[in-house]
Amino acid sequence: MLGPVILAASRSDKMRRFVSAAPGTKQVVARFIAGQSVDDVVPIVQELSDRGLEVTLDVVGEDITTVEQSYAARDAYLELIGRLKELGLGARAEMSVKLSMFGQSLENGHELALANVRPVVEAAAEIGTTVTLDAEDHTTLDSMFAIHEELRKGFPQTGCVIQAYLFRTEDDARRLAANGSRVRIVKGAYKEPASVAIQEKPEIDKAYVRIMKILMDGEGYPMIGSHDPRLISIGQELARRAGRKLDEYEFQMLYGIRGEEQNRLAAEGHRMRVYTAYGTDWYGYFMRRLAEKPANLLFFVRSILTKG
C-alpha cells in the first residue's frame, strides 16, 4: 500500500526538499546512484565489465521544464559516449534514455525528443553500442513507441521497454516480438490508474510471465528486467523451451541490488546487464526504487533514524 504514496511523493517539491535534507539520504542514495558525474561512473563501468557484467547507463533527471534542459540532457549522453569510446567500453555498455528528459512533455515535445535522441543513437552506434528507450507513465507510450519505430529504420538495434502492469502490454509485446526488437520487460514503477494498469502484485507477476513467453517465443531479443528469483527461473525455463541460446536473451538488474546474483548469472554464462544510474537530479529515480520494494524503504528509514 505504501508504493502509490511514495510514487505520489516523487512528484512533490516539498518531499524532494525533505528527503534531500534528511541526514541518512546520502548513504541510501549511494546504494542506487553510481555517482554524480561521468568521472564517477566510468570506473564503475570498468569494474563491472571486469567482473563479466554488461551495463546500461542512465543519466537521471527526467523532470525538465525548458528546451535548454533537453539540450543539456542530450549533451550529457554525448559526453558519456565520448568517454566510453576513449576507454574502449562501447561493447560492454549501452545507454538507457527517458524521452521526457529529452523534451517529450514540452511544446512540440514528440519532435523535440526525436531530434534530441537521434544524435545520441547515432553516436552510440559509432562506438559499437546502442540505446534503449525507457518506458514512463502510460500517457507517454504512444510517442515513445513511434520514436522507437522511427529510430529502428536506421538503427534496428535500438531497444525499448514495456511494463507488465499495463493492460496494453501483451499486445505491445506481440507487435515488438514479431518485428525483432530488443525489448526490456519490467513490472512498472509509475502510479497508474486502475483503468489502464493491474493493481494487484500477484496478477502483475502472472502478466509478466505471459509477456516473457511472448517475447521468448518471438523473433526479438528479450531483456528480463527483474530481481525476483522466481521470475528469473521462469525466464530461464521459457528460454530453454523456446530453444534460445544464452546470448539470445539477457537479464537486467539495478545497480546496488542483488550483486551476488548478478555475478552468479554471469558465471553461468548468461548475459547479465546492470542498470546503472548517475547524475545530480536523482530524486525521482530514487523514490521509484523505494516504492518498488518495502525493504528499500525500510533501509532508508533506518538510515535516517541512525543518522539523526
Side-chain angles (χ1 to χ4, degrees), residues 10-13 15-17 19-20 25-26 29-30 32-45 55-87 89-90 93-127 129-137 139-141 143-144 146-148 150-151 154-155 158-161 189-190 255 275-289:
S10 72
R11 297 291 185 181
S12 167
D13 287 337
M15 282 302 299
R16 178 189 294 265
R17 291 191 296 271
V19 170
S20 298
T25 295
K26 185 176 180 180
V29 169
F32 302 112
I33 303 294
Q36 296 192 9
S37 69
V38 173
D39 289 337
D40 293 331
V41 79
V42 163
I44 292 173
V45 175
V55 181
T56 186
L57 291 161
D58 174 13
V59 184
V60 293
E62 62 263 36
D63 294 324
I64 70 161
T65 57
T66 69
V67 173
E68 289 73 22
Q69 288 174 313
S70 77
Y71 296 154
R74 174 202 62 198
D75 293 344
Y77 274 95
L78 293 175
E79 179 190 11
L80 170 61
I81 292 168
R83 291 296 298 277
L84 294 175
K85 180 180 180 180
E86 291 173 8
L87 297 170
L89 291 173
E94 65 162 39
M95 265 59 65
S96 287
V97 304
K98 290 179 173 59
L99 293 175
S100 60
M101 189 174 174
F102 283 24
Q104 187 186 43
S105 63
L106 304 180
E107 186 177 357
N108 299 318
H110 179 86
E111 292 76 14
L112 177 62
L114 176 57
N116 278 330
V117 76
R118 190 184 295 277
V120 175
V121 172
E122 292 171 347
E126 288 177 2
I127 68 167
T129 188
T130 188
V131 170
T132 294
L133 307 182
D134 275 335
E136 301 181 68
D137 74 79
T139 65
T140 69
L141 295 184
S143 172
M144 185 273 281
I147 289 174
H148 175 247
E150 179 63 27
L151 291 171
F155 303 92
T158 305
C160 69
V161 177
Y190 290 83
Y255 173 80
Y275 190 106
T276 306
Y278 75 97
T280 57
D281 192 7
W282 47 263
Y283 177 74
Y285 178 89
F286 172 69
M287 293 297 283
R288 287 195 297 276
R289 300 295 77 79

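- Sorted by first then second residue, the salt bridge (Lys or Arg N to Asp or Glu O under 4.0 Å) pairs that include residues 35-44, not counting sequence neighbours, are D39-R83.
- Inter-residue side-chain proximity for V131 and F155 is flagged as unmet; no heavy-atom pair is nearer than 4.5 Å.
- Residues L87 and V45 are not in side-chain contact: their nearest non-hydrogen atoms beyond the backbone lie 4.5 Å or more apart.
- Contacts of Y77 classified as ring pair (Phe, Tyr, Trp, His ring centres under 6.0 Å), with partners at least two apart in sequence or in another chain: F102.
- Among residues two or more places apart in sequence or in another chain, the salt bridge (Lys or Arg N to Asp or Glu O under 4.0 Å) test is passed with E150 by R118, K153.
- Partners of S100 under the side-chain hydrogen bond (donor to acceptor under 3.5 Å, both in side chains) rule, at least two apart in sequence or in another chain, are E136.
- Using modelled atom types, one side-chain atom of T129 and one backbone atom of A93 make a donor-acceptor pair closer than 3.5 Å.
- Residues satisfying the side-chain hydrogen bond (donor to acceptor under 3.5 Å, both in side chains) test with E79, not counting sequence neighbours, are none.
- Between V117 and V121 there is a side-chain heavy-atom pair separated by less than 4.5 Å.
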Enumerate, atom names and distances included, each donor-acceptor pair closer than 3.5 Å involving a side-chain atom of residues 108-115, sequence neighbours excluded.
{"unit_1": "H110", "atom_1": "ND1", "unit_2": "S143", "atom_2": "OG", "d": "2.7"}

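- Shown here are the side-chain contact (heavy atoms from CB on, under 4.5 Å) partners of D75, two or more places apart in sequence or in another chain: L78.
- Y278 has its side chain within reach of V59: a pair of non-hydrogen atoms, C-beta onward, lies under 4.5 Å apart.
- Rounding to the nearest 0.5 angstrom, the gap separating the OG1 atom in T140 from the CG atom in L99 is 7.5 Å.
- In this structure, the side chains of L106 and I64 come closer than 4.5 Å at one or more pairs of heavy atoms.
- Two residues are said to be in side-chain contact when any heavy atoms from C-beta on lie closer than 4.5 Å; L133 and L151 meet this criterion.
- Looking at heavy atoms from C-beta onward, D58 lies in side-chain contact with K98 at the 4.5 angstrom threshold.
- Residues passing the side-chain hydrogen bond (donor to acceptor under 3.5 Å, both in side chains) test with T56, sequence neighbours excluded: E94, S96.
- The side-chain contact (heavy atoms from CB on, under 4.5 Å) check on T66 picks up E68, Q69, with sequence neighbours excluded.
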